[in-house]
Amino acid sequence: MTTVTLTAPPRPRTRPRMRRRVLAAVAEHAVLIALGAMFLIPLVFVVATALMSDQQALTGALVPHPVRWRNFADVFAQAPILRYLLNTLLYAGLATVGMLLSSYPAAYAMARIRWRGSTAALIVVLAMMMVPQQVLAVPLYVMWAKLHLVATLVPLVAPFFFGNAFSVFLLRQFLLTIPDDYADAARVDGCGEFRVMVSIVGRMAKPAIAAACLFNFLSCWNSLFNPLLYVGGNPTWWTISIGLTQFKSLHAVNWNLTMAATVVFTLPIIVLFFFAQRAFVEGANLTGIKG
Amino acid sequence: MAPYPARAGARPRPAPRRAADRRRRRLLALLLAPWAIGVVVFFGYPLVSIGYLSFTHYDLLSAPRWIGLANYAYMLRGDQQLGQAVRNTLWVLLILVPCQVLFSFGIGLLLSRARRGVGLLRTVFYLPSLTPLVAAAMGFLYVFNPGTGPVNQVLAALGVTGPPWYTSPGWAKPSLTVLAVWGSGNLIVIFLAALLQVPRDLYEAADLDGAGPLSKLRHVTLPVISPVVLFAVVTTVIDGLQYFDQAYVVSSLGNGGAKLDDGVLGYPEGSTLFFPLWLYQQGFRYFNMGYASALAVVMLVVALGISSAILLRSRSFVHQTGGTGR
């Protein structure tokens, strides 16, 4: 009895408040779900069209009927998509190997070895991240043209063997957060600095290394500007991004096959994402950390 | 690269401290060498080179010919299309980029307050940003094509006549903005992570002081996450400045397929001719390397100007986190 009267007073105040809070939460979830659905719709439309016959794609039907898996075989038959995929894989793969070999040591030197000029080096890294790629394009193109390497993959891959500013920055940010204890213990045990870098700190930096490799691979896989510049004139080395921009006009095909080609281009990335989701999200967070 | 030299043989053995010091320096040089070479060859040299080339006429076939300020004069007076390219890029910086940032921040905010399904929703919002820009642009060209595209079909079913999207000069840039917002999932993930790191007790303290949701956002949330917001804004602006891929796809395919090496980019009617596309057109289709270098110099100055302006102004609004800043 008394407890009821004691707890009664606050009730009228908390109840509407609670209800308002629940209502607000429901509304917020509803907004999120609606927007999320809108985000997925273009993907759904693209995949649906990729499975339609060409007449059906023109009628504006939204559901493929019958489902035409042959489109994907047709895509590979119409254009050397396999060659584009292999070229892109070669480009992105080699570039990522080069990035890791050159950028991890540089990031290690900047984050974990004390030397005069490490701040200046960081400023250079940040400046390189701030300069748009088109600014540097003309002289680099001239350089590669003089070396007679335009129309090969070399101009696309080689720069990655000499450090990539974004990866250096990402790795540096992570290396700063690793405590010194393990490395010091290893040094006391007579482990050289090089081995500390590779096996002690390297092992602890695995998430960041994975993220840097993923982002590097992706940005090469997706890139258009540089491939267009250097191999745009030589279809033997076309990457999938160039191939796709040319696919519709060059092969005079319909939207259904164009969308199937788009799916072929995108699917490997989506699969990669579901296998390495954590590395992606952690990496995205790392890039958000301030310098 | 080169293995350690055996040992400084002839010289008297230095004190162990100095030997260690020298070894350390050698290691440092070894670790930094590839990156340092990259800085000189792929960054320093081209920066100097555009400065020089911008004063020349250069078509790659004959040696650069010094023409003084003629390229810059042409930029100011002769170039008919430059004004449009500049206005289009300003549109990107003033409308497209703010849309991206505000939308991502809003979604991040909602996600940070959601109790259920955050992981799934985050994946849904992040996924589009993974699709290659060229693929995304192709997909949107189809989905938003005015004749048979699904979006206008759905709108028609609702009794609305859909706009011409990527095929009309007035609608092309807003349509590109839709594409950009759709693909800004990485910003959402960054904002969400930052928002989740705001200490709960700050909100509780604000609650006790009777702060409403808006003043909590302004006085608690924003100050705490301002470094992250700042970094995201700077990189998004720089990305906006070099906006190329989507515009290239739209301008070369929007009309149903022009071929790779003919025609001027910017379909329809120059409405998607952004500054980087004009630089590309001048440098790598007309081979006006000197003039393209002058455009590059302008772009460099603008990029540095914008990022330093944001960074300097940030002193007044970025909250300094006492000891934890690294």
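Chain letters run A, B, ... following the sequence lines, proteins first and then strands; every chain starts at 1. FYI, side chains are in, hydrogens and waters are out, and symmetry mates aren't considered; it's all heavy atoms of this structure.
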Exercise. How far apart are the closest heavy atoms of B/Leu53 and A/Val138, and which atoms are they?
Worked result: CD1-CG1, 4.1 Å
For this session: Could you tell me which of A/Leu140, A/Thr262, A/Leu32, A/Thr266 has the largest number of non-hydrogen atom pairs under 4.5 Å with chain B?
Result: A/Leu32
Exercise. Which bit of B/Phe144 comes within less than 4.5 Å of chain A, counting heavy atoms only: side chain, backbone, both or neither?
Worked result: neither
For this session: Give me the ring orientation class for B/Phe244 and A/Phe225: parallel if the planes are under 30° apart, tilted from 30 to 60°, perpendicular past 60°.
Result: perpendicular
For this session: Please flag which part of B/Ile50 lies under 4.5 Å from any non-hydrogen atom of chain A: side chain, backbone, both or neither.
Result: both
For this session: Check whether B/Val298 gets within reach of chain A through its side chain, its backbone, both or neither, counting any heavy atom under 4.5 Å.
Result: neither
Problem set entry | B/Arg116 portion near chain A, given a 4.5 angstrom heavy-atom threshold | both
For this session: Check B/Val143 against A/Pro42 and note the closest heavy-atom contact, atom names and distance.
Result: CG2-O, 4.1 Å
Seminar exercise, completed: Under 4.5 Å to a heavy atom of chain A? For B/Leu47 that would be both
For this session: Examine whether an atom of B/Leu60 lies under 4.5 Å from a heavy atom of chain A, and if so say whether it belongs to the side chain, the backbone or both; otherwise answer neither.
Result: side chain
Seminar exercise, completed: Ranked by heavy-atom pairs below 4.5 Å to chain B, first place among A/Phe273, A/Tyr108, A/Phe162 goes to A/Phe162
For this session: Could you check whether the rings of A/Trp255 and B/Tyr142 sit parallel, tilted or perpendicular, using 30° and 60° as the cut-offs?
Result: tilted
Problem set entry | Most contacts with chain A, counted as non-hydrogen pairs under 4.5 angstrom, among B/Gly38, B/Ala296, B/Pro46 | B/Pro46
Exercise. So which part of B/Asn145 gets closer than 4.5 Å to some heavy atom of chain A, the side chain, the backbone, both or neither?
Worked result: side chain
Seminar exercise, completed: Scored by heavy-atom pairs under 4.5 Å with chain B, the best of A/Phe39, A/Phe265, A/Phe45, A/Trp115 is A/Phe39
Problem set entry | Part of B/Ala114 within contact of chain A (heavy atom distance under 4.5 Å) | both
Seminar exercise, completed: Rounded to the nearest 0.5 Å, the CG atom of B/Leu110 sits from the CD1 atom of A/Ile33 at a distance of 11.5 Å
For this session: Taking the side chain as every heavy atom from C-beta outward, state whether A/Phe166 and B/Thr235 have any pair of such atoms under 4.5 Å apart.
Result: no
For this session: Kindly determine whether A/Met110 and B/Trp35 satisfy side chain to side chain contact (heavy atoms under 4.5 Å, CB included), including the steps that lead there.
Result: CA-CA 11 Å; A/Met110 285 175 207; B/Trp35 172 79; 3.6 Å; yes
Exercise. A/Gln277 versus B/Tyr126: any side-chain heavy-atom pair under 4.5 Å?
Worked result: no
Exercise. Based on non-hydrogen pairs under 4.5 Å, which of A/Ala25, A/Gly163, A/Ala145, A/Ala109 is most in contact with chain B?
Worked result: A/Ala109
Exercise. Which pair of heavy atoms, one from B/Ala135 and one from A/Leu244, lies closest together, and at what distance?
Worked result: CA-CD2, 3.8 Å
For this session: To the nearest 0.5 angstrom, please state how far the CD1 atom of B/Ile310 sits from the CE atom of A/Met130.
Result: 9.0 Å
Problem set entry | Heavy-atom contact with chain A under 4.5 Å, split by part of B/Tyr58 | side chain
For this session: Answer yes or no: are there more than 12 heavy-atom neighbours, outside A/Arg187 itself, under 6.0 Å from its atom CZ?
Result: yes
Seminar exercise, completed: Looking only at B/Leu120, B/Leu127, B/Leu241, most heavy-atom pairs under 4.5 Å shared with chain A are made by B/Leu127
Problem set entry | Heavy-atom pair of closest approach, residues B/Tyr280 and A/Leu229 | CE1-CD1, 3.6 Å
Problem set entry | Region of B/Phe140 in contact with chain A, defined by heavy-atom distances below 4.5 Å | side chain
Problem set entry | Sidechain-backbone polar pair: B/Gln242 side chain, A/Pro132 backbone, donor-acceptor under 3.5 Å | no
Exercise. What part of B/Val154 gets closer than 4.5 Å to chain A, counting heavy atoms only: side chain, backbone, both or neither?
Worked result: side chain
For this session: Output the distance between atom CG (B/Leu130) and atom CD1 (A/Ile270), rounded to the nearest 0.5 Å.
Result: 6.0 Å
Problem set entry | Inter-residue atom distance B/Leu133.CG - A/Ser223.OG, 0.5 Å rounding | 10.0 Å
Problem set entry | chain A contact via B/Ser307 - side chain, backbone, both or neither, heavy atoms under 4.5 Å | side chain
Problem set entry | Residue B/Leu111 versus chain A: region with a heavy atom under 4.5 Å | both
For this session: Could you go through the side chain to side chain contact (heavy atoms under 4.5 Å, CB included) check for B/Tyr248 and A/Leu228 one step at a time?
Result: CA-CA 11 Å; B/Tyr248 178 86; A/Leu228 200 59; 3.5 Å; yes
Seminar exercise, completed: Output for pair (B/Arg25 CZ, A/Ile113 CD1), nearest 0.5 Å, gives 12.5 Å
Problem set entry | Residue pair B/Leu27 / A/Glu193: nearest heavy atoms and the distance that separates them | CD2-CG, 3.2 Å
Seminar exercise, completed: NE2 (A/His29) and CG (B/Leu121) are apart, to the nearest 0.5 Å, by 7.5 Å
Exercise. Any idea which of A/Leu218, A/Val124, A/Val31, A/Leu35 has the most non-hydrogen atom pairs under 4.5 angstrom with chain B?
Worked result: A/Leu35
Exercise. Any idea how A/Phe169 and B/Phe231 line up, ring-wise: parallel (<30°), tilted (30 to 60°), or perpendicular (>60°)?
Worked result: parallel
Problem set entry | Nearest non-hydrogen partners of A/Val46 and B/Gly139, listed with the distance | CG2-CA, 3.8 Å
Seminar exercise, completed: So, the part of B/Val39 with a heavy atom under 4.5 Å from chain A: the answer is both
Problem set entry | For chain B, the option from A/Tyr141, A/Phe161, A/Trp221 that forms the most heavy-atom pairs under 4.5 Å | A/Tyr141
